[in-house]
Amino acid sequence: MTLEEIHGQQPMPTGNDWMQGAGTALHELLVSAQRRGCLTAGVYESAKLMNVDPDNVAFCVLAADQEDEGDIALQIHFTLIQAFCCENDIDIVRVNDVGKLAAIVGPSEDSGEPRDLHCILITNPNEEGWKDPALEKLNLFCEESRNVNDWVPTITLPE
């Protein structure tokens with residue numbers, strides 16, 4: 001008898017298809033959230049929003065390039081954001097390519113300047129919640145990842 005059988009859980013699907021599906025779903029979610037005005041970008045902006053209205057946050061994306069891995073301040077912020085998300089049942093993923101995120105999300109609409117994309121929050125536009133198939137896929141992906149003790153899974157965005 002396996003651990004999955006004991007707990008009634010299915011093992012996490014393996015292979016590139018599962019990861020590519022999550023990457024595609026994240027791409028779709030980011031585009032949809034930006035179109036709806038439900039996207040908050042930036043470590044400080046995200047922290048402020050989570051402090052004021054954590055129940056409105058539906059999903060969190062942390063992004064860091066290879067050179068960001070040595071930024072201790074950023075890693076401390078990531079640790080605090082991850083803890084807050086876990087405490088408030090907010091699904092969270094990591095992305096290792098800020099450039100791909102910038103291509104999807106683009107510059108700030110107000111100033112046209114590049115945004116801080118190290119943390120992106122997807123919020124609910126209203127009280128009824130947001131029923132988005134991409135968000136549901138990502139929630140399932142995060143749940144499956146937690147079943148195998150990967151609390152903050154890394155997703156690769158599609159080319």
Side-chain angles (χ1 to χ4, degrees), residues 10-47 49-50 56-86 88-125 129-159:
Q10 297 297 318
M12 187 170 168
T14 57
N16 268 351
D17 290 344
W18 183 245
M19 290 301 286
Q20 283 180 323
T24 302
L26 180 57
H27 182 277
E28 292 169 5
L29 178 63
L30 290 169
V31 170
S32 178
Q34 186 164 9
R35 200 175 320 121
R36 293 175 184 247
C38 301
L39 188 138
T40 300
V43 173
Y44 296 109
E45 293 82 359
S46 297
L49 177 66
M50 286 190 288
N56 196 33
V57 178
F59 199 78
C60 180
V61 178
L62 297 178
D65 287 326
Q66 196 74 18
E67 59 268 7
D68 293 327
E69 296 300 323
D71 185 344
I72 300 300
L74 183 63
Q75 296 308 317
I76 290 170
H77 287 296
F78 280 4
T79 301
L80 293 171
I81 290 168
Q82 288 172 22
F84 188 88
C85 288
C86 288
N88 289 283
D89 296 322
I90 299 168
D91 285 328
I92 182 171
V93 296
R94 286 192 74 137
V95 173
N96 289 330
D97 194 337
V98 177
K100 284 183 184 177
L101 271 180
I104 295 167
V105 175
S108 174
E109 294 171 4
D110 299 334
S111 64
E113 295 290 318
R115 300 195 234 192
D116 170 15
L117 298 176
H118 289 105
C119 182
I120 296 175
L121 297 181
I122 309 299
T123 56
N124 288 317
W130 182 20
K131 302 297 180 208
D132 186 292
L135 180 59
E136 291 175 15
K137 284 180 193 175
L138 286 167
N139 289 335
L140 178 62
F141 175 79
C142 289
E143 183 180 330
E144 293 292 329
S145 295
R146 285 190 298 272
N147 286 340
V148 293
N149 288 325
D150 186 4
W151 294 93
V152 184
T154 301
I155 291 180
T156 302
L157 291 168
E159 295 298 321

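Excluded from the calculations below are hydrogen atoms, water molecules and symmetry mates; all remaining heavy atoms, backbone and side chain alike, are included.
For the pair Asp132 (side chain) and Ala134 (backbone), a donor-acceptor distance under 3.5 Å is present.
Considering only residues two or more places apart in sequence or on other chains, His77 meets the ring-ring contact (aromatic ring centres under 6.0 Å, His included) condition with Tyr44. For Asp71, the side chain to side chain contact (heavy atoms under 4.5 Å, CB included) criterion is met by Ala73, Leu74, not counting sequence neighbours.
Here the CD1-CD1 distance, from Ile76 to Ile72, works out to 7.0 Å after rounding to the nearest 0.5 Å. Rounded to the nearest 0.5 angstrom, Leu140 CG and Lys137 NZ are separated by 10.5 Å. Once rounded to the nearest 0.5 Å, the distance linking CG of Leu49 with OG1 of Thr123 reads 6.5 Å. Summarising the geometry, atom CG belonging to Asn124 is positioned 10.5 Å from atom CZ belonging to Arg36; distances are rounded to the nearest 0.5 Å. The NE2 atom of His27 lies 13.0 Å from the CD1 atom of Ile155; values are rounded to the nearest 0.5 Å.
Side-chain contact check for His118 versus Phe78: some heavy-atom pair is nearer than 4.5 Å. In this structure the side chain of Leu101 reaches within 4.5 angstrom of the side chain of Leu30, judged on heavy atoms. Annotation: side chain of Ile92 is not in contact with side chain of Cys142 (no heavy-atom distance under 4.5 Å).
The minimum heavy-atom distance between Ile122 and Ala33, with the atom names listed, is CD1-CB, 3.7 Å. Pairing each heavy atom of Ser46 with each of Thr40, the nearest pair is OG-O, 3.8 Å. The two atoms that bring Asp68 and Gln75 nearest to each other are O-NE2, 3.3 Å, heavy atoms only. Contact detail for Cys85 and Cys60: the closest heavy-atom pair is SG-CB, 3.8 Å. Closest approach of Leu39 and Val105 over heavy atoms only: CD2-CG1, 4.1 Å.
For Glu69, the CD atom is densely surrounded, since the number of other residues' heavy atoms within 6.0 Å is greater than 12.
Applying the side chain to side chain donor-acceptor pair (under 3.5 Å) test to every pair with at least one member in residues 88-106, sequence neighbours left out, gives these pairs: Asp91-Arg146, Lys100-Glu159.
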